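Worksheet: one structure, shown below.
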Amino acid sequence: MSKKIIIAIDGPAASGKSTAAKYLAQKQGYIYLDTGAMYRAITYMAIKNDAFGHEDKVIELAKNIDIKLSFEDGVTRVFVNGDEITEEIRSPEVNAKVSEISKIAEVRVEMVKIQRKISQKGNLVAEGRDITTVVFPNADIKIFMTAELEERIKRRFKEFYEKGIKITYEEVRENLIKRDKLDSGREVSPLKKAEDAFIFDTTNITVEEEIDRILDLINNKLNHNAITN
Ligand code: CDP
């Protein structure tokens with residue numbers, strides 16, 4: 001069987017990872033792996049089961065959780081133990097707590113196991129915080145996506161607004177700053193640029209430009225690999 005291709009995208013909240021990853025997955029017919037959705041799912045379950053703040057309970061949950069992600073027509077759906085929690089995992093409460101859960105080493109071990117298993121099924125586009133550095137350090141293409149803070153706040157606020165979720169601009173700002181800090185500052189698998197990742201700044205470009213540039217990047221890299229291998 002031919003080698004599977006992995007495109008790995010890391011970056012802070014609302015930097016444009018999902019937009020790019022979803023588009024690429026659809027265009028190339030690759031599996032889309034939203035690893036943030038998995039950490040969000042555990043967080044939601046921890047809140048629901050009164051386990052938040054009790055590391056042992058959270059680890060137990062992570063070890064036994066059955067997470068299924070589906071991706072159809074550009075939409076990711078998330079199921080835990082058979083129940084759909086697609087909307088629930090994007091709530092302000094989950095946003096506020098997810099970085100506390102994702103810094104637990106044992107939780108990460110369980111999630112990475114699932115992520116690597118999914119990668120065996122076919123070509124893949126994966127996004128997260130540790131994809132280029134820890135989960136798939138040998139990915140064919142590694143991108144570190146970024147955008148200025150103000151732009152990211154604007155994007156995330158617009159998403160909440162469009163979904164009818166009540167949250168202030170200031171609350172969105174606070175959450176992004178806090179998560180960036182926790183995700184980049186934690187001991188286990190912190191968000192950082194892999195040495196060989198391309199930095200991709202989406203601050204002043206439209207979604208169409210973002211996609212065009214990423215496709216160029218990928219075509220160049222994959223063609224180059226085909227010539228040199
Ligand atoms: O969509 P957004 O970038 O805001 O967040 P996300 O990708 O859904 O990730 C939510 C949270 O999960 C992050 O803030 C991290 O704390 C955690 N995460 C992680 O630790 N490692 C990953 N590979 C993906 C997400």
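Quick caveat: nothing in here was measured; it's all calculated off a predicted structure. Each ligand, and each atom within it, is numbered from 1 in the order the structure gives.
- Within 4.0 Å of ligand 1, heavy atoms belong to protein residues A13, A14, K17, T35, G36, Y39, R40, R90, V98, S99, S102, R108, G128, R129, D130, R156, R179, D183, R186.
- Looking at residues two or more places apart in sequence or on another chain, you find no ring-ring contact (aromatic ring centres under 6.0 Å, His included) involving Y23.
- Screening residues 66-77 for side chain to side chain donor-acceptor pair (under 3.5 Å), with sequence neighbours left out, gives D66-K68, R77-E84.
- A salt bridge between R173 and E170 is present, with a side-chain N of the basic residue lying under 4.0 Å from a carboxylate O of the acidic one.
- The pair K97-E93 meets the salt-bridge criterion, since a charged nitrogen lies less than 4.0 angstrom from a carboxylate oxygen.
- Not counting sequence neighbours, R40 has no partner by the salt bridge (Lys or Arg N to Asp or Glu O under 4.0 Å) test.
- Counting heavy atoms from C-beta on, the side chains of R186 and D183 come closer than 4.5 Å.
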